[in-house]
Amino acid sequence: AYTCPTPSPQELEEARRWEGARDVRPLDGNVRRWGGLLLPNNPPYNTGSFRFELTFSPNHPLEPPCATLRTPIYHPSVDLEGRVCQPLTTHVHWEPTTRAIQVLQDLLLQLDSPDPQRVLRPDLARELQERPEEFWRRAEEHTRLHAEPRPHT
């Protein structure tokens, strides 16, 4: 069966209807680059929204898309470039049947529950384990300073 090399319009529609994100759309008219706002559910990140970009490989769906956060976040699984440690989109775990919305849902789940095992910033992971109240306080402050306001829709 021939697979369409770009994410289907249905996938985009599905992502647009999902309540975990807002404003999901192709960037610069490029169907391989989506942008939008992620809306975390848990404190301290749920006071703001975080702009993300999802880039699909020309070999989609055989290769996983790459999710990047454009809004700075104080989180052990997101590095300073906005790259996310997301096992779902590694070649080991990727299935061509995985839908874009599942990648976004997984990303949101990860933002909501920082996991010291999925680490791109060891300093923050250590802080989360050894001085959790300090980690949460800093994450809250950072969210207040950098995150975008949450849409009221």
At their closest point, which heavy atom of [X] faces which heavy atom of [Y], and how far apart are they?
X    : Y    : answer
C85  : V119 : SG-N, 4.1 Å
A147 : T71  : CA-CG2, 3.7 Å
V31  : P7   : O-CG, 3.5 Å
A67  : Q86  : CB-OE1, 3.7 Å

Mind checking what makes side chain to side chain donor-acceptor pair (under 3.5 Å) contact with [X], not counting sequence neighbours?
X    : value
Q10  : S8
D23  : R25
D115 : none

Hphob cluster co-occupancy, [X] + [Y], side-chain heavy atoms under 4.5 angstrom:
X   : Y    : result
W34 : L37  : no
V84 : L39  : no
L88 : L107 : yes

For the [atom1] atom of [X] and the [atom2] atom of [Y], what is their distance to the nearest 0.5 Å?
X    : Y    : atom1 : atom2 : answer
T98  : Q102 : OG1   : CD    : 5.5 Å
T6   : R33  : OG1   : CZ    : 15.5 Å
I101 : L54  : CD1   : CG    : 11.5 Å
I73  : R121 : CD1   : CZ    : 10.0 Å

I'd like to know if the side chain of [X] reaches the main chain of [Y], judged simply by a donor and an acceptor atom lying under 3.5 Å from each other, with no hydrogens or angles considered.
X    : Y    : value
R150 : G48  : yes
S77  : R118 : yes
S49  : P149 : yes
D28  : N30  : no
S113 : Q110 : no
N59  : L62  : no

Can you confirm whether R138 sits close enough to E127 that some side-chain heavy atom of one is under 4.5 Å from a side-chain heavy atom of the other?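 The answer is yes; the side chains approach within 4.5 Å.
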Would you say the side chain of P26 lies within less than 4.5 Å of the side chain of L12, judging by non-hydrogen atoms? yes
Which residues pass the side-chain contact (heavy atoms from CB on, under 4.5 Å) test with [X], sequence neighbours left out?
X   : result
E19 : none
A21 : W18, V24, L38, F52
R70 : R51, E53, T68
P43 : N46

Which pairs pass ring-ring contact (aromatic ring centres under 6.0 Å, His included) with one or both residues in residues 112-140, sequence neighbours excluded?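 Those involving residues 112-140 are Y74-F135.
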Where at least one partner belongs to residues 87-107, residue pairs that pass ring-ring contact (aromatic ring centres under 6.0 Å, His included), sequence neighbours excluded: none
Between N41 and the options L111, L108, L109, the side chain to side chain contact (heavy atoms under 4.5 Å, CB included) test singles out L108
How would you list, by chain and number, every residue that makes a ring-ring contact (aromatic ring centres under 6.0 Å, His included) with F50, sequence neighbours excluded?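 ring-ring contact (aromatic ring centres under 6.0 Å, His included) check on F50 returns nothing, list empty.
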How would you list all residue pairs meeting salt bridge (Lys or Arg N to Asp or Glu O under 4.0 Å) that involve residues 95-112, not counting sequence neighbours? E14-R99
In chain order, what residues pass the salt bridge (charged side-chain N to carboxylate O under 4.0 Å, His left out) check against R144, with sequence neighbours excluded?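 So R144 forms a salt bridge (charged side-chain N to carboxylate O under 4.0 Å, His left out) with E141.
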Once you measure the plane-to-plane angle for H60 and F56, does it fall in the parallel (<30°), tilted (30-60°) or perpendicular (>60°) bin? perpendicular
